[in-house]
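Structure record follows, encoded as structure tokens.
Note that ligands are numbered from 1 as they come in the structure, with each ligand's atoms numbered from 1 the same way. Along the sequence shown, the residues carry numbers beginning at 1.
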Amino acid sequence: MTRLIFLGPPGAGKGTQAQILASTLQVPHISTGDILRAAVSDKTDLGMKAQAYMDRGELVPDDLVLDMIRERLAQDDVKPGWILDGFPRNVPQAIALNKVLEEINQAFDRVINFNVPDEAIIVRLLARGRKDDSESVIRRRLEVYREQTAPLIDFYQTQIITVDGNRPMEEVTAALKQVVVG
Ligand code: AMP
């Protein structure tokens with residue numbers, strides 16, 4: 001049973017690594033960013049509400065994201081485990097996640113924290129060229145990370161494992177597999 005929370009700044013490579021590990025472990029990769037981008041492109045109610053926040057690099061309001069996660073974790077394919085990528089993003093979301101997990105009789109196994117210095121992040125994000133990857137939005141996303149998401153490192157203090165994400169992708173994958181699979 002593998003239930004993992006991936007934590008780290010934007011552009012730390014969490015998404016790529018989550019995808020690789022999810023396929024190795026045969027569990028769903030749950031990315032709130034991906035779900036939100038799909039909602040925006042499908043112009044659903046959720047997408048319409050979320051878009052302006054995403055375009056500015058702000059967090060989408062907790063209640064919207066929490067409804068989304070609650071619904072996703074209730075689906076059948078998550079029974080063997082999951083990798084959460086991009087959620088929780090602040091302490092209230094982390095507290096809410098604990099509650100949701102308690103309700104469905106699940107618990108997470110580990111929190112993996114991807115450590116990457118700011119300079120490397122900015123270079124990576126500018127290279128990625130997503131719609132919300134303009135330099136001013138990147139700076140805002142980094143600020144939001146520092147103010148709201150980084151405190152989760154303390155919140156999960158006893159359950160966290162830090163991985164150096166500032167290395168070639170294959171090396172990060174190898175380190176991650178060692179930590180998670182052994
Ligand atoms: P990401 O793909 O994880 O970088 O997320 C892209 C954008 O989606 C973020 O900048 C936020 O606007 C929004 N987002 C993703 N996950 C969350 C979350 N857990 N809480 C609030 N907003 C989120």
Side-chain angles (χ1 to χ4, degrees), residues 3-22 28-75 78 82-101 108 111-118 120-153 155-156 160 163 165 169 172 176:
R3 300 189 185 111
L4 303 172
I5 295 173
F6 277 21
L7 208 67
K14 309 186 289 296
T16 308
Q17 298 297 340
Q19 213 167 348
I20 295 171
L21 196 63
H29 163 211
I30 303 177
S31 155
T32 44
D34 284 351
I35 300 173
L36 287 166
R37 276 184 291 278
V40 169
S41 110
D42 293 347
K43 298 194 163 54
T44 64
D45 240 24
L46 169 67
M48 306 285 223
K49 287 179 188 151
Q51 181 164 24
Y53 297 96
M54 296 170 75
D55 286 349
R56 290 199 308 265
E58 305 289 341
L59 294 185
V60 171
D62 289 347
D63 55 339
L64 296 179
V65 178
L66 283 166
D67 283 350
M68 216 169 83
I69 278 290
R70 208 174 278 117
E71 199 180 302
R72 187 66 188 88
L73 290 178
Q75 285 164 11
V78 305
W82 35 256
I83 298 178
L84 282 184
D85 159 24
F87 177 90
R89 212 58 161 237
N90 58 26
V91 171
Q93 288 184 9
I95 292 170
L97 174 64
N98 282 345
K99 248 198 213 147
V100 171
L101 291 178
F108 61 83
V111 181
I112 312 282
N113 179 39
F114 290 78
N115 203 10
V116 180
D118 278 9
I121 286 169
I122 293 180
V123 171
R124 281 188 192 187
L125 289 178
L126 283 172
R128 191 167 72 175
R130 215 168 66 189
K131 184 169 172 240
D132 56 348
D133 284 339
S134 73
E135 190 156 352
S136 62
V137 178
I138 289 173
R139 290 200 188 283
R140 183 61 196 141
R141 298 224 314 274
L142 274 174
E143 260 170 34
V144 167
Y145 167 76
R146 251 183 247 113
E147 286 163 11
Q148 303 191 48
T149 311
L152 290 177
I153 297 172
F155 182 87
Y156 287 127
I160 217 161
V163 167
M169 194 186 85
V172 180
L176 197 56

heavy-atom search around atom 22 (N) of ligand 1 in the protein gives V60 N, 3.0 Å

With sequence neighbours left out, write down each residue that passes side-chain hydrogen bond (donor to acceptor under 3.5 Å, both in side chains) with Q51, or none if nothing qualifies.
none

Output every pair passing salt bridge (Lys or Arg N to Asp or Glu O under 4.0 Å) with a member in residues 122-132, not counting sequence neighbours, ordered by first then second residue.
D55-K131, R128-D133, R130-D132, D132-R141

Aromatic contact, Y156 with F108 (centres under 6.0 Å)
yes

Contact partition for L36 relative to ligand 1, non-hydrogen atoms under 4.0 Å
side chain

Answer with side chain, backbone, both or neither: which part of R130 has a heavy atom less than 4.0 angstrom from an atom of ligand 1?
side chain

What residue and heavy atom of the protein are closest to atom 6 (C) of ligand 1, and at what distance?
R37 NH1, 3.5 Å

If you measure from atom 5 (O) of ligand 1 to every heavy atom of R89, R141, Q51, which option wins on shortest distance?
R89

Aromatic Y53 / basic R56 pairing, under 6.0 angstrom, 45° off normal:
yes

Nearest-neighbour protein heavy atom for atom 11 (C) of ligand 1, which is reported as residue plus atom name and distance
E58 O, 3.5 Å

Under 3.5 Å, N or O to N or O, is G86 touching ligand 1 that way?
yes

for atom 20 (N) of ligand 1, nearest protein heavy atom and its distance come out as Q93 NE2, 2.9 Å

